[in-house]
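First the structure, which I've put down as structure tokens, then a few questions once you've had a look.
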Protein chains: 2
Amino acid sequence: MVEFRPSQALKLLHDLSFAMVRDGEPDLSARQLTILLTIYLEPPPHTVRGLAAKLGVTKPVITRALDTMGRIGLLSRRRDDADRRNVVVQRTVKGALFVERLGDMLMAKAKDLPL
Amino acid sequence: MVEFRPSQALKLLHDLSFAMVRDGEPDLSARQLTILLTIYLEPPPHTVRGLAAKLGVTKPVITRALDTMGRIGLLSRRRDDADRRNVVVQRTVKGALFVERLGDMLMAKAKDLPL
DNA sequence: ATAGAACAATACGCCTCCGAAACGAATTCC
DNA sequence: GGAATTCGTTTCGGAGGCGTATTGTTCTAT
């Protein structure tokens, strides 16, 4: 349970996104970030179709986001051997580090918030 | 002062971005979101040059972001009468509501976090 | 075996975005 | 008043994203 005022919450969000921009982190869109966090926070397996259904977007949106984030190493893809129509999204070390850094930055910013 | 564990912070971030995607909010990039929050959280005036310097990006990045977010009504621009080379970014009702909704969503998600 | 369904990827035309460079307008400096 | 500076925008070629529709592959049902 976390106590928050809206202005504090917004400042936290601003500080985080600001730090991401200043530090030259990849300029992810809300969709891309959501996909990334879903993959790293929710239990696998994650498929293109499953992600599309969960986020309420079309499958090409997922495919393209996986293309882009895969290109910069934040995740990878593997064909599902049980059903070779499926593609399973896999976590990578780089992606895990990126998400972890995000969490640490959030923590650090939250600690600086005035009560 | 806010108590946080990294996993909680990440879940909060995920829940927020997830809600934005599901609700069909504009798919803002980290840069765009940072610009928007800077305009609405920090005291005016905000100029193209000032925002570019603060975020560490080039001026065309700011111009384009203002183009896009202005097109959907989240902000507007006005020529500075004192020095007509400058452009002053202005808040809009729609933008203020959008940012306010963001804060409310963050609050609501934070309340649901397990201790 | 073959028709149908399900899956991810691709093609299409259009729009946004990128960094670097050039631009026009406004101001400041001598 | 003329040159230099400052400001925001625009241009350029190239890259990525969009939604819709289609493709190729794989599985399922008959």
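Values below: all heavy atoms of this structure, side chains included; hydrogens, waters and symmetry mates excluded.
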**Prompt:** Can you tell me if the side-chain N/O atoms of B:Arg64 get under 4.0 Å from OP1 or OP2 in C:dC17?
**Reply:**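 False: B:Arg64 side-chain N/O out of range (4.0 Å or more) of C:dC17 OP1/OP2.
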
**Fill in**
Of the candidates C:dT27, C:dA8, D:dT28, the side chain of A:Thr63 sits closest to C:dA8

**Message:** Nearest whole Å is fine: how far is D:dC7 P from B:Asp81 CG?
**Reply:**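 It is 17 Å, rounded to the nearest whole Å.
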
**Short side-chain N/O contact to D:dG8 OP1/OP2 from B:Arg79, under 4.0 Å** =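 No, B:Arg79 has no side-chain N/O under 4.0 Å of OP1/OP2 on D:dG8.
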
**Stepwise side chain to side chain donor-acceptor pair (under 3.5 Å) test for A:His14 and B:Thr38** = CA-CA 7 Å; A:His14 169 266; B:Thr38 299; 2.9 Å; yes

**Message:** What's the closest nucleotide to the side chain of B:Thr58 if the choices are D:dT6, C:dG19, C:dA8?
**Reply:** C:dG19

**Asked** Rounded to the nearest Å, what distance is computed from the CG atom of residue A:Asn86 to the P atom of nucleotide D:dT25?
**Response**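 Taking CG of A:Asn86 and P of D:dT25, I get 17 Å after rounding.
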
**Request:** Take A:Thr68 and A:Arg84, find for each the nucleotide of DNA chain D with the closest heavy atom, and name the residue whose nucleotide sits nearer the 5' end.
**Result:**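 Of the two residues, A:Thr68 wins.
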
**Complete:** Scanning both residues in full, the closest heavy-atom pair of A:Leu41 with B:Leu10 reads CD1-O, 3.5 Å

**Prompt:** Can you check the B:Arg71 CZ to D:dT9 P distance for me, whole Å?
**Reply:** 13 Å

**Prompt:** Near B:Arg49 CZ, under 6.0 Å, is it more than 12 heavy atoms from other residues, nucleotides or ligands?
**Reply:**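 At most 12 heavy atoms, drawn from other residues, nucleotides or ligands, come within 6.0 Å of this atom.
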
**Message:** Give me the atom names and distance for the closest heavy-atom approach of A:Ala19 to A:Lys109.
**Reply:**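 What the structure gives for the nearest pair is CB-CE, 4.1 Å.
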
**Message:** In this structure, would B:Met107 and B:Leu13 fall into the same cluster of hydrophobic residues linked by side-chain contacts under 4.5 Å?
**Reply:** yes

**Request:** Round to a whole Å and report the spacing from CE of B:Met69 to C1' of C:dC17.
**Result:** 13 Å

**Asked** Which of the following nucleotides, D:dT10, C:dG19, C:dA8, is nearest to the side chain of A:Lys59?
**Response** C:dA8

**Message:** Rounding to an integer number of Å, can you tell me how far A:Ile62 CD1 sits from D:dG19 C1'?
**Reply:** 14 Å

Compile the donor-acceptor pairs under 3.5 Å between side chains in residues 60-69 of chain A and protein atoms, sequence neighbours left out, one pair per line.
from, atom 1, to, atom 2, distance (Å)
A:Thr63, OG1, A:Lys59, O, 3.4
A:Asp67, OD1, A:Arg77, NH2, 2.2
A:Thr68, OG1, A:Arg64, O, 3.1

**Fill in**
Taken to the nearest whole Å, CZ/B:Arg78 to P/D:dT9 is 14 Å

**Message:** Whole angstroms only, please: what is the CG-P distance between A:Asp80 and D:dC27?
**Reply:**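 So the two atoms are 9 Å apart, to the nearest Å.
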
**Request:** Considering only NZ, NE, NH1 and NH2 on the basic side and carboxylate oxygens on the acidic side, decide whether B:Lys11 and B:Asp15 come within less than 4.0 Å.
**Result:**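 Judged by the 4.0 Å cut-off on N to carboxylate O distance, B:Lys11 and B:Asp15 do form a salt bridge.
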
**Request:** Answer yes or no: does a side-chain N or O of A:Arg77 lie under 4.0 Å from OP1 or OP2 of C:dA9?
**Result:** yes

**Request:** Name the residue closer to the 5' end of DNA chain C, choosing between B:Pro60 and B:Asp67 according to the nucleotide with the nearest heavy atom.
**Result:** B:Asp67

**Side-chain N or O of B:Arg85 closer than 4.0 Å to phosphate OP1/OP2 of C:dA25** =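 False: B:Arg85 side-chain N/O out of range (4.0 Å or more) of C:dA25 OP1/OP2.
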
**Request:** Rounded to the nearest angstrom, tell me the gap between atom CG in B:Leu66 and atom P in D:dT10.
**Result:**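 Answer to the nearest Å: 12 Å.
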
**Prompt:** Taking DNA chain D as the partner, which of residues 19-41 of chain A come within under 4.0 angstrom of it by heavy atom?
**Reply:** A:Arg31, A:Gln32

